[in-house]
Amino acid sequence: MDKPPRRAPPTWQHWRVTAATHSTLFPQVPETADAVLDGLDPEQREVALALTGPVCVLAGAGTGKTRAITHRIAFGVRSGRLQPASVLAVTFTNRAAGEMRGRLRQLGAGGVQARTFHSAALRQLQFFWPKAVGGELPRLLERKIQLVADAAARCRIRLDRNELRDVTSEIEWAKVTQTVPADYPAVVAKAQRDAPRDPAEIGQIYALYEQLKRDRSVIDFEDVLLLTVGILQDRHDIADQIRTQYQHFVVDEYQDVSPLQQRLLDLWLGDRDNLCVVGDASQTIYSFTGATPDHLLNFRTRHPGATVVKLVRDYRSTPQVVHLANGLLSQARGRAAEHRLELVSQRDRGPEPVYTEYADEPTEAEGTARRIRDLIAAGVPAGEIAVLYRINAQSEVYEQALADAGVPYQLRGAERFFERQEVREAGIALRGAARAGGNDSLLDDAEDLPSQVRAVLSTKGWTTTPPTGSGAVRDRWESLAALVRLAEDFTRAKPGATLSDLVAELDERAAAQHAPTVQGVTLASLHAAKGLEWDAVFLVGLTEGMVPITYAKTDEQIEEERRLLYVGVTRARVHLTLSWSLSRSPGGRASRRPSRFLKGLRPGSGSLGTVASSGGTGPSGGSPGAARRRHRGPVLCRVCGTTLTEAGAMKLLRCEDCPSDMDEGLYERLRDWRSEQARELGQPAYCVFTDKTLMAIAERVPATDGELSVISGVGTRKLGRFGADVLAICAGEEGGAGGDED
């Protein structure tokens, strides 16, 4: 296993840009303005020195864009060419704005305003409202969903909770694209946008929503921008006052600017051109919210004399990861593709990306968990590993696989699968149907367990065909569909299982995954991963219909899906694994195809890469035990000789239904020991060993390190950490030898 390369020294050639390294390397404020420029590479330095006129910074992933623009501002302030109070830096999240303010303080430019668009506009609106309109600013509506519900009710349009969320998002999109209610249906048709309801109905709800806001004297977050725009357009005296205050503007993530935000920025600027924008059209992945890269791509047309600087030195990723990222974009089409940046890695060589094909989804999840366990054993911290997927509904199988492997994890940007509202509601409905048994009329025509589950979940919104488009309704359907698939898989594993059996299985899974959040492997959607980075990234589920997603129909939508995968690739510093499965469930028809975006990149497809991919069901390339697993052949039950396919059965080396020779007393002693270890470590019990691993130990009663190490779930790291204790317990000794790691 290749270990991560040693961290680079703080010279511009090897600078790795993170807030943590920044604060560590610059604990003291630079003594002079020129000292602010120390450590910048030539292009970053060019950005820092370009203090006047329009400046466009085209910054690729991992190239240090935040470093460049904060040093630009700080150099201007420290050299006396910019007054701190005259600079307004805007970005898109409070986290990014806070990071920017922190860096500026460390560089001696603490008086600079760094805010989101909404925060800056709200501040101005609160200050100028009494003068421009009179009275107090209307109350800001924190959540608009209840008002949208009231509007829908008055229109006599019924919306469930998820439709309500989708219609609310659609109203937000209309407002940031400056679409009025009357024009909404036509604009949606022209944009080929999948509306969550009939566009005429949404137009009605939108119009009444606006009326209710006026009646109740409230405004929403989009109104903050709209009203600020209106005041600046109508009151030239106020516009002049703001322009006197702010004379220099910096906009980060400029590819995500909406038409409304651009309009506000133009009014802030007036006829001046002291504007610095930073962005990367290849990272535009939020067009569904109104973001567009057009403003970035048209910047040089609007400002013919603009200084343009390209940041292409990638300090984040190894040459192998960067090569793959460049290859992915080389196949792109459209305007954004025409302006793509060819990144050049500044890091030492690392391992090649691994392409892995699996037979089915559970095997893909289990293989991913095994490789993660191997990386952790090789010294990669769990917190520096991420599993990224296209939609949140994919998380469940990876939550389960990591739990089974004893690997701690945390979800980002989504609730755990069994904590989602629709999953909890479905569980209650299934539990009620199980209690009713044959007295539930819903189940009259249901011949087997999957049919029963489909019948029950149909009352909660599940249908045989998915809803069109994205959004909350689609997310809810995907969660319910995952439960239907789980029922089908459960029936295959346990023919004759009842609804009560399935409910018990769901409860067991939910209990295992409701453990307290710990520092562990990150599970996240590709969208939620934007702006983050890890030493090791696993991009999973890369099949047609998922990446690109089924409802991406137009060329523009397909290209945005490619950019989404590019964002995923560029999150990895060292280790990158891309995987897909040929069928959904074990024994299913292998009808799936790898994502079209991998064509020309993966081995055997006109490859840019050189790594041999696995054609089977296990991971390839790199993990210490990979070769042994690939050539092992079928795993047979040690009792009846049947080929095993389920992860739990393979761990026990016997069918779940075959007789167990487990030492019950030993099993209980191991459980008590595990509970104590978990308390000391502050982790869930499954992170020490799962129940299945303890059962396997209690059945086989190992006497040596070698006998213990071959049990699935006992890797090198856990053997070193817990092996002496476990062997002592198996030998009947009281207590253990201590759980310190070597």
Asker: Check whether K530 reaches the backbone of V567 with its side chain - one donor and one acceptor, N or O, closer than 3.5 Å.
Answerer: no

Asker: Between E361 and R592, does at least one N-O distance fall below 4.0 Å, as a salt bridge requires?
Answerer: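 Salt bridge flag = yes for R592 with E361.
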
Asker: Knowing that exactly one of L666, I697, V701 qualifies, which makes a side-chain contact (heavy atoms from CB on, under 4.5 Å) with I729?
Answerer: L666

Asker: Could you tell me whether a side-chain N or O of Q557 sits under 3.5 Å from a main-chain N or O of K553, the two making a donor and an acceptor?
Answerer: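 Between the backbone of K553 and the side chain of Q557 there is a qualifying donor-acceptor contact (under 3.5 Å).
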
Asker: I'd like to know if the side chain of E357 pairs up with that of W580 as donor and acceptor (distance under 3.5 Å, no hydrogens or angles considered).
Answerer: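 Yes, side-chain donor-acceptor contact under 3.5 Å.
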
Asker: Check for a donor-acceptor pair, side chain of T550 on one end and backbone N or O of M546 on the other, with a separation under 3.5 Å.
Answerer: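 No.
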
Asker: Sort out for me which residue in L539, N326, L601 forms a side-chain contact (heavy atoms from CB on, under 4.5 Å) with V569.
Answerer: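 Going through L539, N326, L601 one by one, the side-chain contact (heavy atoms from CB on, under 4.5 Å) with V569 is satisfied by L539 alone.
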
Asker: From the options L388, T356, T368, select the one residue that forms a side-chain contact (heavy atoms from CB on, under 4.5 Å) with V540.
Answerer: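 Passing option: T368.
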
Asker: With sequence neighbours excluded, tell me which residues meet ring-ring contact (aromatic ring centres under 6.0 Å, His included) with Y286.
Answerer: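 Per chain and number, Y286 pairs via ring-ring contact (aromatic ring centres under 6.0 Å, His included) with H527.
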
Asker: What verdict does the salt bridge (charged side-chain N to carboxylate O under 4.0 Å, His left out) test give for E544 and R596, after you've listed the backbone C-alpha separation in whole Å, the side-chain angles of each residue and the deciding distance to 0.1 Å?
Answerer: CA-CA 7 Å; E544 283 292 305; R596 71 188 73 175; 2.7 Å; yes

Asker: Between T498 and D501, is any side-chain donor less than 3.5 angstrom from a side-chain acceptor?
Answerer: yes

Asker: Verify, without hydrogens or angle tests, whether Q331 (side chain) and K599 (backbone) share a donor-acceptor contact under 3.5 angstrom.
Answerer: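 Present.
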
Asker: Quick test of your reading of the model: are E533 and R316 salt-bridged, counting only N-O distances below 4.0 Å?
Answerer: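 Salt bridge: yes.
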
Asker: Give me the one residue out of V726, D404, V714 that meets side-chain contact (heavy atoms from CB on, under 4.5 Å) with T693.
Answerer: V714

Asker: So, the side chain of Q394 versus the backbone of I391: is there a donor-acceptor pair under 3.5 Å, distance only?
Answerer: yes

Asker: One pair to check against side chain to side chain contact (heavy atoms under 4.5 Å, CB included): W673 and F689. What are the steps and the verdict?
Answerer: CA-CA 11 Å; W673 166 83; F689 287 119; 3.9 Å; yes

Asker: Verify whether one side chain among D360 and T363 offers a donor that lies under 3.5 Å from an acceptor in the other.
Answerer: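 Yes - a donor-acceptor pair under 3.5 Å links their side chains.
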
Asker: Evaluate the criterion side chain to side chain contact (heavy atoms under 4.5 Å, CB included) for residue pair R454 and E488; output intermediate values, then yes/no.
Answerer: CA-CA 10 Å; R454 293 186 200 104; E488 294 168 350; 2.8 Å; yes

Asker: Using every non-hydrogen atom in the two residues, find where N392 and S525 come nearest and quote the distance to one decimal.
Answerer: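 For N392 versus S525, the nearest heavy atoms are OD1-CB, 3.7 Å.
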
Asker: Name all residues meeting the salt bridge (charged side-chain N to carboxylate O under 4.0 Å, His left out) criterion together with E676; count only those two or more places apart in sequence or in a different chain, and write none if there are none.
Answerer: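 So E676 forms a salt bridge (charged side-chain N to carboxylate O under 4.0 Å, His left out) with R679.
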
Asker: Indicate yes or no for a side-chain donor-acceptor contact from Q320 to the backbone of P353 under 3.5 Å, with no hydrogens or angles considered.
Answerer: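 Judged by distance alone, no pair lies under 3.5 Å.
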
Asker: For F597 and I558: C-alpha separation, side-chain torsions, deciding distance, then whether side chain to side chain contact (heavy atoms under 4.5 Å, CB included) applies.
Answerer: CA-CA 10 Å; F597 301 145; I558 295 294; 4.1 Å; yes

